[in-house]
Asker: 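One structure, pasted below without further comment.
All chains are named by letter (A, B, ...) in the order of the sequence lines, taking the proteins before the strands, and each is independently numbered beginning at 1.
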Amino acid sequence: MKANYLDDLNAPQREAVTTIKGPLMIIAGAGSGKTKVLTTRIAHLMNNGVDAFNILSLTFTNKAAKEMKERVEKILGGSEARNLYIGTFHSVFARLLRSDAPKLGYPSDFTIYDSDDAKSVVKTIVNELNLDDKHYKPNMVYNRISAAKNSLVSPEEYQHDYAIQQEDQRSSRPLIGKIYDMYAKRCFKNGAMDFDDLLYKMYVLLKGFPEVLAKYQHKFKYIMIDEYQDTNPAQYEIVKLLGAVHENICVVGDDAQSIYSFRGATIQNILQFEKDYDDVKVVKLEQNYRSTKSILNVANEVISKNKGQIEKNLWTDNHEGEKIKLIRTNTDNDEGKVVADTISEQKLRNHYDNKDFCILYRTNAQSRSFEENLRRSAIPYRIYGGLSFYQRKEIKDFIAYLRVIMNSRDEEAIKRIINYPVRGIGKTTIEKVSIYANDQNMTFWEVLERAKEFGFKGGTLEAIDGFVTMIQSFRVMLEKHNAYEVAVQVGKSTNIVKELFNDKTTEGLARYENIQELLNSIKEFTETPTEDGELLDDKTLGIYLQQITLLTDADNGKDEDSNVVKLMTIHAAKGLEFPIVFTVGLEESLFPSGMSINSREELEEERRLFYVAVTRAKTRLFLTYANSRYRFGQLQQNEPSRFLEEMPEEFIDRSYAGGGMRNTGPIGGGGASWGNMFDKKKAPAGPGAPASSASSSARPTPRPAAPAGYHVPSANFTADDPATMEAGMDVEHQKFGFGKILSLEGAINNRIATVMFPKGGGEKKIMLNYAKLMIVRNGG
DNA sequence: TCCTCTAAGAGAGGG
DNA sequence: TCTTAGAGGA
């Protein structure tokens, strides 16, 4: 081991690393060297005589786990690191549950249902209960069930909890508890656990079997939790149970980066940690090594608007850097163009590579205009997120075969493939089998096996028997052959591979390639020696299935270093950093999302999301927004995001954000490119435009055919000084048309007017610094 | 049972 | 705009 590993650390980092005993909370600000601290701490533990077998380190993503493993290995330089338990909550618990699942009545080779499987089960049940799935939306019901499990609420408790029942009554969905109950029983019958079960059943196991709890308490003497601000109550309780004896619990997190409450995380876990244990030591990592002062100041200022935070002061020694550039464009397409042009410009002028750029947006749907414009500019890019490899239909279908081979109880998987490829077993037949299975309390598969007894005949019976025989033959084959050989046989016997091969359409070709890739991955799996040790010593099909279910595209990381511009949601960007970041679509109702502005909690989470976006940037940050954009096929007008107002003026360059200007060229090239920045055909701007060199240029292009509700500004439109506005005045707005000022608020240099636009969508709040108003008549 | 056409609906997403 | 579910015809 490197002897001087502590020398690379600053004082608080060193303190965090060398505090070994007792509860420890590390508040790690953005870019403060969190991973370094975590990995060094593990190395330090081992250097101080702690056995690797006694260390448990839990993360949220496989990627984080992998990175941690690699870095620990680098420091330790030996094979000892292999003995550590480093993994995601889900993968570690899945592993532990494999050996103890029979205690809970599950087979040890239980199937893991991903959320698609789970939703499909919910949907089946909703239909069985003859409920309207427009009202009991499977997605919504599943989220409710998921939330219950994440809060350790059993089906019985759910149905008897007054508050929960009240809530369901109020939304007139009183039967969710019933669905939850049936769902839990169905999964159990299918020998399946969903993602939430991996936590929930782990808790049930530890709570119900003291000897199991004692075993793991003894084993995991040192526990470390990454991203603690994202833990949910189930994770919290499990950690508490496991650590109760030794209390060597180290949690790391940043409350300012808690952005996952929508999937059950409670920021309270980190805010309350100090109260959970006696003598909690708190170490704050406050020096940021990532960003310029300008970027950090903007981030700090915005996040300070949130209440109830853990006090911290994130600072940096880095130079001040450039101001953050705020860019306003007319349309979403212009936004894409400006970003693409700015990337070209920055590459040329400041010698950046493609991989130095990242475009961050709130919703995946926003990616389109950037894709198009990047493609047009011949800038290579890659979009992260969206459908993962294992979620593609052809892959899920193929995997369903493997799942059925492994676990005949897996009804979801059987239904997926029973008629794929088409073999004449249709909807009616499947429904019948379902009904028989429920009536006779048999599994779906058992009914299929005894199809003749249940009165199926003719072609249907033949088809079912053929299917059953085929699956059984795979099962027999698995006894003598490895997972890869069986998978190849599946591809042959079912004709799937041949069929896709003969499909010469683009999609067909892609599907064929995907199946080949899947087969390759299975081959690779069977041929590479395991590194997980212990329980994962064998390379069975079951283990392969578990691995891929708990794996996502993001973990693949194969293109990690490829030289392309990266596009992703802000959520997906957490933990990453880029020299140049574009945070786009900064408009009200988009960011903050219109779905999250109804409570302070929701809005604060959006603000934290904005904070995460800003703190991804190392040297340059561009913030963009558009006057109008197509959403759901309709042209939508949005006000600039409220977050833009919360930023400190002195670090912002607003010269590209003037009233109604049409930015379509590169931004921030150092001034030389002003000439081509604007569409020269445009009419001169009114006196209300800002006094930058840009002000002599344009205002929005009047649309040729104004869509209904779209206002074409009067020919003499000139914005009036916000300071002269008063309530009661009749005014004109460039887009919303004529209206009346109802009230005014805010400081004189940053006034917000509430205006009623009869033809422009009713009452609107207008920030007068951005959207200009012309006084039509002085009201009374 | 299979196939095609229409209509409704749409957030972020790890494991 | 794009995707997916369900209706209705072959």
Side-chain angles (χ1 to χ4, degrees), chain A residues 58-65 87-95 112-119 123 127 133-134 137-140 143 146 149-150 193-200 202 226-227 230-232 234-235 259-265 332-333 360-369 372 384-388 390-391 393 419-431 459-460 463 546-555 568-575 585 589-597 602 605-606 608-609 612-613 629-636:
Chain A
L58 296 173
T59 65
F60 274 81
T61 63
N62 289 302
K63 197 176 158 198
T88 62
F89 279 91
H90 292 85
S91 69
V92 168
F93 293 167
R95 209 157 134 189
I112 298 173
Y113 277 173
D114 66 18
S115 29
D116 289 336
D117 299 318
K119 280 171 202 164
K123 199 173 171 197
N127 290 334
D133 62 8
K134 290 265 163 25
K137 288 185 195 149
N139 202 24
M140 180 258 157
N143 282 338
S146 173
K149 285 191 198 172
N150 286 331
M193 295 200 198
D194 66 18
F195 286 139
D196 302 315
D197 282 330
L198 295 178
L199 307 179
Y200 180 55
M202 187 70 206
D226 192 11
E227 307 278 13
D230 290 333
T231 50
N232 61 36
Q235 288 160 329
I259 53 173
Y260 280 114
S261 74
F262 68 89
R263 60 184 197 211
D332 47 352
N333 188 48
L360 298 177
Y361 34 75
R362 176 69 237 264
T363 68
N364 280 311
Q366 286 165 258
S367 68
R368 225 195 64 197
S369 69
E372 282 172 5
Y384 287 76
L387 217 50
S388 89
Y390 296 105
Q391 285 175 322
K393 190 188 168 295
N419 202 32
Y420 172 81
V422 177
R423 53 172 73 86
I425 305 177
K427 209 174 146 195
T428 337
T429 311
I430 293 171
E431 244 161 50
T460 310
Q546 165 170 328
Q547 240 183 41
I548 59 170
T549 313
L550 297 178
L551 201 84
T552 48
D553 249 13
D555 310 318
M568 62 186 89
T569 63
I570 302 165
H571 282 94
K574 195 163 88 159
S589 91
L590 189 59
F591 192 16
S593 158
M595 290 166 139
S596 306
I597 48 173
E602 287 173 338
E605 181 148 319
E606 293 287 309
R608 291 193 292 269
L609 196 55
V612 168
R629 72 171 61 239
Y630 277 95
R631 249 182 125 191
F632 309 139
Q634 287 213 311
L635 192 66
Q636 214 177 66

Asker: With the side chain of A/R362 defined as its heavy atoms from C-beta on, choose the nearest nucleotide among B/dG15, C/dT1, B/dG11.
Answerer: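 The answer is B/dG11, which lies nearest to the side chain.
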
Asker: Among B/dA10, B/dG11, B/dG14, find the nucleotide with the atom closest to the side chain of A/K137.
Answerer: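 Within the option list, the nearest is B/dA10.
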
Asker: For a quick test of reading the model: is some side-chain N or O of A/T569 closer than 4.0 Å to OP1 or OP2 of B/dG13?
Answerer: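 True: A/T569 side-chain N/O within range (under 4.0 Å) of B/dG13 OP1/OP2.
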
Asker: OP1 or OP2 of B/dA12 less than 4.0 angstrom from a side-chain nitrogen or oxygen of A/T363, does that happen here?
Answerer: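 The answer is yes; a side-chain N or O of A/T363 sits under 4.0 Å from OP1 or OP2.
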
Asker: With nearest nucleotide decided by heavy atoms, which residue, A/V422 or A/N232, maps closer to the 5′ end of DNA chain B?
Answerer: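 Counting from the 5' end, the first nearest nucleotide belongs to A/V422.
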
Asker: Go through B/dG15, B/dG11, C/dT1 for me and flag the one nearest to the A/L550 side chain.
Answerer: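 Closest nucleotide to the A/L550 side chain: B/dG15.
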
Asker: Between B/dA12 atom P and A/N143 atom CG, what is the distance in whole Å?
Answerer: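 After rounding, the reported distance stands at 13 Å.
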
Asker: From the options B/dG11, B/dG15, B/dG13, select the nucleotide whose nearest atom is closest to the side chain of A/T61.
Answerer: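 That would be B/dG15.
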
Asker: Answer yes or no: does a side-chain N or O of A/N62 lie under 4.0 Å from OP1 or OP2 of B/dG14?
Answerer: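 For A/N62, the contact criterion (side-chain N or O under 4.0 Å from OP1 or OP2 of B/dG14) is not met.
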
Asker: Are the side chains of A/L590 and A/Y361 in contact, using a 4.5 Å heavy-atom criterion?
Answerer: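 Answer no - side chains too far apart.
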
Asker: Could you pick out which residue, A/E602 or A/H90, lies toward the 5' side of DNA chain B when each is mapped onto its nearest nucleotide?
Answerer: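 Closest to the 5' end, via its nearest nucleotide, is A/E602.
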
Asker: What stems involve DNA chain B, if each pair must be Watson-Crick or G-U and both of its distances must be under 3.5 Å, with 3 or more such pairs in a row?
Answerer: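 For DNA chain B the paired stretches long enough to count as stems (3 pairs minimum) are B:1-10 with C:1-10.
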
Asker: Return the nearest nucleotide to the side chain of A/S115; candidates are B/dC2, B/dG15, C/dG6.
Answerer: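 The closest nucleotide is B/dG15.
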
Asker: With heavy atoms under 4.0 Å as the rule, sort A/S596 into base, sugar-phosphate or nothing.
Answerer: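 Base, at least one base heavy atom under 4.0 Å.
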
Asker: Would you tell me if any nitrogen or oxygen in the side chain of A/T429 comes within less than 4.0 Å of OP1 or OP2 on B/dT1?
Answerer: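 Checking B/dT1 against A/T429, a side-chain N or O does come within under 4.0 Å of OP1 or OP2.
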
Asker: Taking the side chain of A/F632 as its heavy atoms from C-beta onward, which of B/dG15, B/dG13, B/dA10 lies nearest to it?
Answerer: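 Closest of the options to the side chain of A/F632: B/dA10.
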
Asker: For A/K123 and C/dG6, is the shortest distance between a side-chain N/O and OP1 or OP2 below 4.0 Å?
Answerer: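 True: A/K123 side-chain N/O within range (under 4.0 Å) of C/dG6 OP1/OP2.
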
Asker: Nearest to the A/R263 side chain among B/dG15, B/dG13, B/dC2, which nucleotide is it?
Answerer: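 The nucleotide sitting nearest to the side chain is B/dG13.
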
Asker: Go through C/dT1, B/dA12, B/dG15 for me and flag the one nearest to the A/R368 side chain.
Answerer: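 Per side-chain heavy atoms of A/R368, the pick is C/dT1.
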
Asker: Compare the minimum distances between each of B/dG15, B/dG13, B/dG11 and the side chain of A/N364, then state the nucleotide with the smallest one.
Answerer: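 Comparing B/dG15, B/dG13, B/dG11 against the side chain of A/N364, the answer is B/dG13.
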
